[in-house]
Amino acid sequence: MQITDIRITPVAVKDPPLLNSVGVHQPYALRAVLEVETDSGLTGLGESYGDDVNLGRLWAVADTLIGLDPFDTNRLVQLVTAALGSPTSDTPHELVGRPSAAKVVATTLAAFEVPLVDLQAQATGRRVCDLLGGAVREAVPYSGYLFYRWARHVEDPGYQPDDWGEALDPDGIVAQARRLVAEYGFGSLKLKGGVFPPDQEIDAILALRDAFGEHALRIDPNGAWTVATSIEVGQRLSGVLEYLEDPTDGFEGMAEVARSVPMPLATNMCVTTFQELPPALAQGSIAIVLSDHHLWGGLRESQLLAGLCRTFDLGLSMHSNTHLGISLAAMTHLAAATPNLSYACDTHTPWQVEDVISPGSLTFAEGNLAVPTGPGLGVELDRDALARLHQQYLDCGIRHRDDVGQMRAIDPSWSGTRPRF
């Protein structure tokens with residue numbers, strides 16, 4: 001089996017006005033859908049970031065992969081590395097840690113590795129999770145992702161709002177959580193923090209505890225707090241939080257907080273590459289890693305990360321960006337085949353109203369997602385939806401994610417700098 005063609009289609013999907021420490025989501029989120037065709041008639045699916053810089057790298061690599069055997073992933077690494085040369089360090093957006101050349105290579109590699117593993121599984125008549133060692137769970141737990149948000153994109157009167165309404169105080173967050181739990185059955189809840197002064201966000205967490213006493217609670221301010229603020233919040237929420245995610249920036253700051261608060265610290269910003277693990281471990285900066293196959297080099301590199309977490313007694317969960325069903329399927333297969341997945345995974349899926357896979361393929365039940373039955377990833381591309389969302393990409397004019405710029409369009413004085421509090 002050899003690769004004969006690779007199609008990369010950028011798409012734009014509607015995204016609600018979700019607030020975070022650096023700004024607000026734009027009206028559309030960008031993704032790239034990959035189709036890797038082979039001479040056997042099989043096609044592997046993948047999904048990656050859809051900004052211009054990432055698309056340029058994907059197109060540059062794609063031409064070098066024609067003729068590659070999809071089972072030869074060692075050769076894939078060589079070809080991706082050679083095609084990228086010495087890439088400029090950057091990140092897909094502001095909330096995924098430090099920019100680095102290693103992260104660029106890993107992100108590009110992941111975009112192609114997933115469709116190749118999809119092809120491997122299809123060719124053998126097995127599910128992706130089977131190729132990753134077999135499913136240790138047939139249903140993967142996910143967490144409800146809570147956001148402070150506006151009711152609509154205030155700078156775009158033509159954008160049709162969704163039916164969630166605004167959530168700008170504890171009552172709004174609790175109401176949002178009630179709907180997520182009622183519709184999806186989530187057993188844990190995570191609040192995207194760093195938006196309002198910490199006292200207000202502590203009040204929201206305490207309101208969630210009162211409303212959902214049996215649910216595990218988390219907060220992620222994306223490095224918006226100083227060390228002193230992080231310690232104060234952590235101590236005030238003693239016995240309330242399952243974990244505290246990226247309260248402050250840097251190995252040293254995280255380590256200082258970790259020594260002073262009772263709950264474990266999780267990260268998707270302090271540690272996002274293998275090179276960052278040794279200094280974080282040496283300083284005691286983290287206790288939980290939120291993996292992300294898009295950033296760590298794909299499914300098998302994420303398994304390597306899981307092995308390191310087991311070796312060094314670190315907890316393990318999964319980070320989520322705005323994603324579509326192809327990525328959700330890949331996340332679910334990976335989580336199913338990861339024995340030491342310690343915590344429910346993040347997902348943005350409840351906030352998405354558009355997708356590129358056939359309707360009904362992936363459905364949450366009691367906070368869990370059943371592993372797709374396969375073969376391969378077990379999802380099918382909806383070509384009409386792909387065409388529509390590609391046209392939406394062409395029409396919307398957005399070519400990179402810019403939460404800071406989006407907020408500045410509303411508040412010209414906005415800086416987006418961190419720490420904020």
Side-chain angles (χ1 to χ4, degrees), residues 17-25 94-97 143-150 166-177 180 188-213 215-270 284-288 290 317 319 343 346 403-404 407 410-411 413-421:
L18 307 179
L19 300 168
N20 56 55
S21 64
V22 297
V24 62
H25 286 208
E94 301 98 330
L95 302 179
V96 289
S143 181
Y145 211 155
L146 307 171
F147 284 85
Y148 292 107
R149 54 160 293 161
W150 299 323
E166 70 176 22
L168 299 173
D169 56 22
D171 287 344
I173 291 297
V174 169
Q176 187 182 106
L180 283 174
S188 59
L189 297 166
K190 171 176 165 177
L191 175 63
K192 178 65 77 177
V195 176
F196 294 113
D199 281 349
Q200 295 181 36
E201 297 186 349
I202 289 172
D203 287 345
I205 291 292
L206 295 178
L208 288 168
R209 179 201 58 187
D210 292 342
F212 302 92
H215 283 63
L217 301 177
R218 316 162 179 177
I219 186 170
D220 172 21
N222 285 120
W225 300 337
T226 64
V227 169
T229 298
S230 301
I231 292 172
E232 179 185 354
V233 173
Q235 292 177 346
R236 289 175 61 184
L237 291 176
S238 176
V240 178
L241 291 180
E242 180 181 35
Y243 62 67
L244 176 58
E245 181 181 343
D246 286 312
T248 197
D249 189 34
F251 304 129
E252 296 82 3
M254 288 281 284
E256 187 174 349
V257 175
R259 289 191 293 267
S260 304
V261 301
M263 70 285 293
L265 297 192
T267 186
N268 176 62
M269 294 179 66
C270 180
S285 305
I286 60 170
I288 302 164
L290 275 67
S317 185
H319 163 260
Y343 300 90
D346 293 348
D403 294 24
V404 174
M407 184 65 88
I410 300 154
D411 177 6
S413 68
W414 179 260
S415 68
T417 57
R418 292 174 299 196
R420 291 186 61 210
F421 305 105

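One finds a salt bridge joining Asp346 and Lys190 here, because a Lys/Arg side-chain nitrogen approaches an Asp/Glu carboxylate oxygen to under 4.0 Å.
To the nearest 0.5 Å, atoms CD1 (Ile231) and OG1 (Thr226) are separated by 8.5 Å. We find the OG-CZ distance between Ser415 and Arg420 to be 7.5 Å, quoted to the nearest 0.5 Å. In this structure, CD on Glu245 lies 11.0 Å from CG on Leu191, to the nearest 0.5 angstrom.
The side-chain heavy atoms of Ile288 and Thr267, taken from C-beta on, include no pair separated by under 4.5 Å. Considering only heavy atoms from C-beta on, Asp199 comes within 4.5 Å of Arg236 through its side chain. Residues Val261 and Leu241 have side chains not in contact (no heavy-atom distance under 4.5 Å, counting atoms from C-beta outward). Considering only heavy atoms from C-beta on, Pro198 stays 4.5 Å or farther from Glu232 through its side chain. In this structure, Leu19 and Lys192 have side chains that are not in contact, with every pair of non-hydrogen atoms separated by 4.5 Å or more.
Between the Asp246 side chain and the Asn268 main chain, a donor and an acceptor come within less than 3.5 Å of each other. No donor-acceptor distance shorter than 3.5 angstrom exists from the side chain of Asn222 to the backbone of Ser21, with no hydrogens or angles considered.
For Ala175, the side chain to side chain contact (heavy atoms under 4.5 Å, CB included) test picks out no residue, with sequence neighbours left out.
With Phe196 as the fixed residue, the ring-ring contact (aromatic ring centres under 6.0 Å, His included) test singles out one of Tyr148, Phe421, Trp225: Tyr148.
Taking each heavy atom of Pro221 and Pro247 in turn, the nearest pair found is CG-CA, 3.5 Å. Pairing each heavy atom of Leu208 with each of Ala177, the nearest pair is CD2-CB, 3.7 Å. Counting all heavy atoms, side chain and backbone alike, Gly416 lies closest to Val404 at CA-CG2, 4.4 Å.
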Go through the steps to decide whether Asp403 and Asn20 satisfy the test side chain to side chain donor-acceptor pair (under 3.5 Å), and finish with yes or no. CA-CA 8 Å; Asp403 294 24; Asn20 56 55; 2.7 Å; yes
